[in-house]
Amino acid sequence: MTLSIYNSLSRKKEPFQPRATGRVGMYVCGMTVYDFCHLGHARVLVVFDMVVRVLRSRGLEVRYVRNITDIDDKIIVRANELSEPIDAVTSRFIDAMHEDEAALNVMPPDEEPRATGHIQSIIDMVRVLQDKGLAYQGSNGDVYFRVRKFPGYGALSGRSLDELLTGARVEKDEGKDDPLDFVLWKTAKANEPSWPSPWGDGRPGWHIECSAMSTQCLGDHFDIHGGGMDLRFPHHENEIAQSEGATGKRFVNTWMHNGFVQIDEEKMSKSLGNFLTIRNLLADDPDPNRAGEVIRFLILLSHYRSPLNFSDGILGQARAGLDRLYAALRLAPAKPASALSAEVRSYEAAFQQALDDDFNTPSAIAVLFELAREINKASEARDTALVDELGCALKRLADVLGILYQDPERFLGIGSGSRSGVDGILSASEIENLLAERRQARESRDFARADEIRDQLEQMGVELMDRPDGSTEWRVR
RNA sequence: GGCCCGGUGGCAGAGUGGUUAUGCAGCGGUUUGCAAAACCGUGUACAUCGGUUCAAUUCCGGUCCGGGCCUCCA
């Protein structure tokens, strides 16, 4: 049983072999903080959080680094629009990102380096590139990477230099020797943040920060580098050129790229303006805690490399599925199981096998649903030992995906732990009063009145479930 | 234009050269005073046209359609 991962570099699934036994170094390109995170960002956050959890569940010691880009053209533009200092803008959106992450149950990375905190190592790397003849200062003062000097250029995106040139739009007003060259260090313009450097005051180009920070945090050569599909070219291609050019060593073993979130079959992006922010989606739900998990579950419900088309009703479907899992989990007390039966082991094996196949989370989740059915069956058969055992397995496996972490009754809105009393919903005591009346009506076989009360509560979003012992349970939808 | 990826039942979404994915929704049944939940059962699903094969949704080729990258973008 070995984990295999699709490597964008070789375009194949490959057995995953950490460089050092038992240890994994992983770097993911994070956010440029000039706005709130949207669903596309949520996908990167959740997908790689899942990857880390799966690796750790296999006993691997993972060092997970995800950067923050806190200096760049867009941020400068945004700060000007808002008439705010740059660092006020970035720190606000960094805080917002951390809130969004928490709502999605995404664990913080082990390190979260920021570009502005690594200017010196960026400068050092640019200098090395220049010394090696791979970089030059152009006529406009900017420093560029000389793409033609790096033999492997195009390997990741699967393109030759000539192909790239055909498609390239010729940029004017730049001091490049070759249109394919890209900027490493930008000369400061008036009223822009800048740092002193051998090439004059300026700031880093986008690509170089990731090369500098990843090698500084994880070493010249590490295991996994991830990010969105759109970063494959040019960003990651350029990172390889910079890092390997500077160190002379192989940079990354496995490149992972997640697919896009789409809306109406079209990529969700800032530039198209068709994005949904995480916080808006959370705010749209009467229960934001639940909504965060629903979004996470929705993301895990499709394979990370496939497009995820967001459409009406899709969140409701995800929610209904989670409800089912939580309802089953609720039947089992949260205590560790004793012996593991062969049956439970086979579910665990199926779950592992699904994830072994390039993190096939939809397939793994299918196993969770099978467990839920078994729990329900065992519960009806009053086999409490089996319920406990299956329940523990469900919880343990769900944990690997970072789902089913809330209290089931809370998630399901059952009883007084629910949102009763807020947002126009009756308070728990008001509901209990109506239930007492209904109970009397039922005892005197006045079913018309009993049903009237049920309908009344139903309209207010309170659902009733009569239990065999005559009591009634209620939940807020 | 160049280079990639994909088209699975009402919806979402895995997978496989011959056998049930899974979930949501629907329908029938068990249960219930009635419900809800749960359980059981239930769908001529694999864009299209050719080819390979005893057998193709699954492999190969063409066609059509959709998406992405080539420019900031997760």
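Here the structure is a predicted model, which means the values were calculated and not measured. Naming convention: chains lettered A, B, ... in sequence-line order (proteins, then strands); numbering from 1 in each chain.
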[X] near the nucleic acid: base, sugar-phosphate alone, or nothing, with a heavy-atom cut-off under 4.0 Å?
X         : value
Ala327(A) : nothing
Gly40(A)  : base
Ile365(A) : nothing
Ser269(A) : base
Gly30(A)  : sugar-phosphate
His38(A)  : base

Which nucleotide in [options] has an atom nearest any side-chain atom of [X]:
X         : options                : answer
Ser306(A) : C73(B), U22(B), A14(B) : A14(B)
Lys267(A) : C69(B), G33(B), U22(B) : C69(B)
Lys377(A) : C40(B), C73(B), G15(B) : C40(B)
Glu163(A) : G2(B), G23(B), A35(B)  : G2(B)
Arg438(A) : A21(B), C40(B), G33(B) : G33(B)
Pro234(A) : C72(B), G68(B), U22(B) : C72(B)
Glu380(A) : C39(B), G33(B), G68(B) : C39(B)
Arg159(A) : C69(B), A74(B), C11(B) : C69(B)
Arg324(A) : A36(B), G23(B), A74(B) : G23(B)
Arg442(A) : G33(B), G23(B), A74(B) : G33(B)

Distance-only donor-acceptor test, [X] side-chain atoms vs [N] base atoms, 3.5 Å:
X         : N      : value
Arg454(A) : A35(B) : yes
Asp451(A) : G33(B) : yes
Lys270(A) : C72(B) : no
Asp72(A)  : C72(B) : no
Gln262(A) : G67(B) : no

Taking a pair as Watson-Crick or G-U wobble with both distances under 3.5 Å, which nucleotide is matched to [N]?
N      : result
A45(B) : none
G18(B) : C54(B)
A25(B) : none
G66(B) : C5(B)
U30(B) : A38(B)

Nearest-angstrom distance, [atom1] atom, [N] to [M]:
N      : M      : atom1 : value
G9(B)  : A47(B) : P     : 8 Å
G51(B) : G43(B) : C1'   : 31 Å
C70(B) : U58(B) : C1'   : 32 Å
C46(B) : A36(B) : C1'   : 35 Å
G13(B) : C49(B) : P     : 25 Å
G10(B) : U42(B) : C1'   : 15 Å
U30(B) : G15(B) : C1'   : 32 Å
C54(B) : U48(B) : C1'   : 25 Å

May I have the distance from [X] (atom [atom1]) to [N] (atom [atom2]), rounded to whole angstrom?
X         : N      : atom1 : atom2 : value
Tyr326(A) : A37(B) : OH    : P     : 19 Å
Glu463(A) : A35(B) : CD    : P     : 15 Å
Glu370(A) : C39(B) : CD    : C1'   : 16 Å
Ile263(A) : G68(B) : CD1   : C1'   : 16 Å
Met229(A) : C70(B) : CE    : P     : 11 Å
Asp323(A) : A12(B) : CG    : P     : 20 Å
Gln353(A) : U16(B) : CD    : C1'   : 14 Å
Phe369(A) : A14(B) : CZ    : P     : 14 Å

When you check the phosphate oxygens OP1 and OP2 of [N], does a side-chain N or O of [X] lie under 4.0 Å from one of them?
X         : N      : answer
Arg373(A) : G23(B) : yes
Arg232(A) : G68(B) : no
Trp206(A) : C73(B) : yes

Minimum heavy-atom separation for Arg53(A) to Val400(A), with atom names?
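Closest heavy-atom pair between Arg53(A) and Val400(A): CB-O, 3.2 Å.
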
Give a yes or no on whether the ring-centroid distance for Phe182(A) and Tyr144(A) is below 6.0 angstrom.
no

Tell me whether [X] is salt-bridged to [Y], with the criterion being a basic N under 4.0 Å from an acidic carboxylate O.
X         : Y         : answer
Arg78(A)  : Asp72(A)  : no
Arg296(A) : Glu293(A) : no
Arg438(A) : Asp466(A) : yes
Arg319(A) : Asp287(A) : no
Asp178(A) : Arg146(A) : no

On RNA chain B, compare the nucleotides closest to Asp466(A) and Asn376(A); which residue's is nearer the 5' end?
Asp466(A)

Given RNA chain B, 5'-ward residue of the pair Leu308(A) and Glu266(A), judged by closest heavy atom
Leu308(A)

Using 30° and 60° as the class limits, which term best fits the ring planes of His207(A) and His235(A): parallel, tilted or perpendicular?
tilted

May I have the step-by-step check of ring-ring contact (aromatic ring centres under 6.0 Å, His included) for Tyr27(A) and Tyr64(A), ending in yes or no?
CA-CA 6 Å; Tyr27(A) 183 92; Tyr64(A) 177 29; 9.0 Å; no

